[in-house]
Student: 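Mind having a look at this structure? Questions to follow.
Both ligands and their constituent atoms are indexed starting at 1 by order of listing. Because the structure is a prediction, the values reported are computed rather than measured.
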Amino acid sequence: MKQLPSYSKLEELGLQAKKRHLASLFNDDTDRFTEFSAKLPGLVLDYSKQNVTQEERKTLLNLAEEANLSEWINKLFSGEKVNHTEDRAAGHTALRDLKNPKPEVKNEWSKMEALVDRIHTKQLRGFSGKAITDVVNIGVGGSDLGPLMVTHALKGVRTPHAPELHFVSTLDGKQLQRVLKTLSAETTLFIVASKSFTTIDTLSLAKTAKEWIEAYSTTESGTMQHFIGVSTNAPMMKEWGLLPEHQLLFWDWVGGRFSLWSTIGLTIALQQGMQGYMAFLQGANEMDEHFRNVPFEDNVAVLLGLISVWNINFLNLAGQAILPYDSRLKYLASYLEQLVMESNGKHVTRSGEKVDYRTCPILWGEVGPNAQHAFYQLMHQGTERVMADFILYAQAHGNTERHTFHHNLNIANCLAQSRALMVGQKGENPHKDYPGGQVSNTLLFDKLDAKHLGMMIALYEHSVFVQSVIWDINPFDQWGVELGKKIAMEILEKIESKDTSNLDSSTQGILETIWNTQNEN
Ligand SMILES: O=P(O)(O)OC[C@H]1O[C@](O)(CO)[C@@H](O)[C@@H]1O
């Protein structure tokens, strides 16, 4: 990035920008919103509360040109192997190309539709002949977070025959036990969702779930009625004993954290019906078209990505808060933590050199009104400068007077917070001073439905990609997670053989304390 011609100019501009107060930009230009907002049908991105001027924006847009962003967008969409460290394409946008679907994608849609139909029409029955009422998705990371986030958000508008959905991801087994306690084995179906079908978290939980069914079912064929697999690994699904019609596929060119657009989205289709699922894909596709075709200066994904680069690299902000003003987006921050930080949490360039600039932000978040009573204190008066994304919906989720009242209260709070963070206030004493100058975006969507949710997720995906291009890093691999997995298997062997030799003293000390505690009880 540093060799790009506009970099040094941006560094200079950044030094100037750090000296001015964000509020002064509003004082200088009373119509700042018009100049610093961008839109497409269904969404307005207001980035007027960013500490950026026209000249700085122009220079950032130049930086994007110099980093060959247009070429990279073409590479992404044309299926080139942009994930060079795994020798793969990153084809998530092809999964939502409803006009020109790949034959293999279309084929999986049909298989998925057939399964959804069998469940909705109560044809899929368990070992005792009873129809399925509950579906448990067993998966972790990308095989969990996207479907969990989306189905939680859209719970209120599910199709009438949708089964109850449950999500289990943690390998400690507690979450699964709690869910199983509420369910009947006769009417429960498990989706074993794993791109690799080798993840110990998922496979260990799936085995426990299978044992639970086996305690009631007397035949293997009856047991396997209760399992569906979703994976790129057909041989492993077969080996696990999954029935051929219960195996849904996707492909290695779909990254785990981008896989909710594939058959990993089965729970979304079960909840929303195939029509709703297609609306979800359609929303993402509309964002894809916008990203590909709209000039950078009006392109919401490009602008969102560049603003982030400006904040991280030139204004030295390390934190990004995700603040949806809608409780339905309870899991959005968890989902974005993986999307953003597993993608751009990298320290070497595409060619393997160590970067000498900051890359990924540290992202966290919470439903806005709850976060107001938790960590907003830090944003208003702490020593950290952070950037925030406020997410808001124009339409209320109902039309009674009370709905309108709550909706207005919510809007008022969202706007009040972004304004307070921006403008600040001098207090009667230092404890009551609000420095202000905290930057934010507001993403205003028409309403929260499958289509607009698809649009929002695709927007963040593309913003992450834009940032990776500027930083010259590969956002599609995740080697960082491998070391911990390997060491965990080594430690498990040590635990099973009660042997602490060759371990560091911290690990030894903790294991011995655990064993002593277990012996005492
Ligand atoms: O779907 P799988 O193969 O079980 O992997 C689950 C998750 O594990 C990771 O590979 C790394 O933790 C994620 O990228 C992925 O989403």
Student: Would you please say whether a donor-acceptor pair under 3.5 Å links the side chains of H452 and D449?
Tutor: yes

Student: When you check the side-chain N and O atoms of T121 and Q123, is any donor under 3.5 Å from an acceptor?
Tutor: yes

Student: What residue and heavy atom of the protein are closest to atom 6 (C) of ligand 1, and at what distance?
Tutor: V140 O, 3.2 Å

Student: Using a strict 4.0 Å cut-off to heavy atoms of G141, name the atoms of ligand 1 that fall inside it.
Tutor: 16 (O)

Student: For Q467 and S308, which I'm curious about, is there any donor-acceptor pair between the side chains at under 3.5 Å?
Tutor: yes

Student: Establish, from distance only, whether the side-chain atoms of H462 and D288 form a donor-acceptor pair under 3.5 Å.
Tutor: yes

Student: For atom 16 (O) of ligand 1, which of the options S231, G256, G142 provides the nearest non-hydrogen atom?
Tutor: G142

Student: Do D499 and S501 have a side chain donor and acceptor closer than 3.5 Å?
Tutor: yes

Student: Starting from atom 14 (O) of ligand 1, find the nearest protein heavy-atom neighbour and note its residue, name and distance.
Tutor: E342 OE1, 2.8 Å

Student: Looking just at side-chain N and O atoms, do D477 and T85 make a donor-acceptor pair shorter than 3.5 Å?
Tutor: yes

Student: Starting from atom 5 (O) of ligand 1, find the nearest protein heavy-atom neighbour and note its residue, name and distance.
Tutor: T199 OG1, 3.5 Å

Student: For atom 8 (O) of ligand 1, what's the nearest protein heavy-atom neighbour? Residue, atom name and distance, please.
Tutor: K485 NZ, 4.4 Å

Student: Provide, to 0.1 Å, the distance between atom 3 (O) of ligand 1 and the closest protein heavy atom, together with that atom's residue and name.
Tutor: S196 OG, 2.6 Å

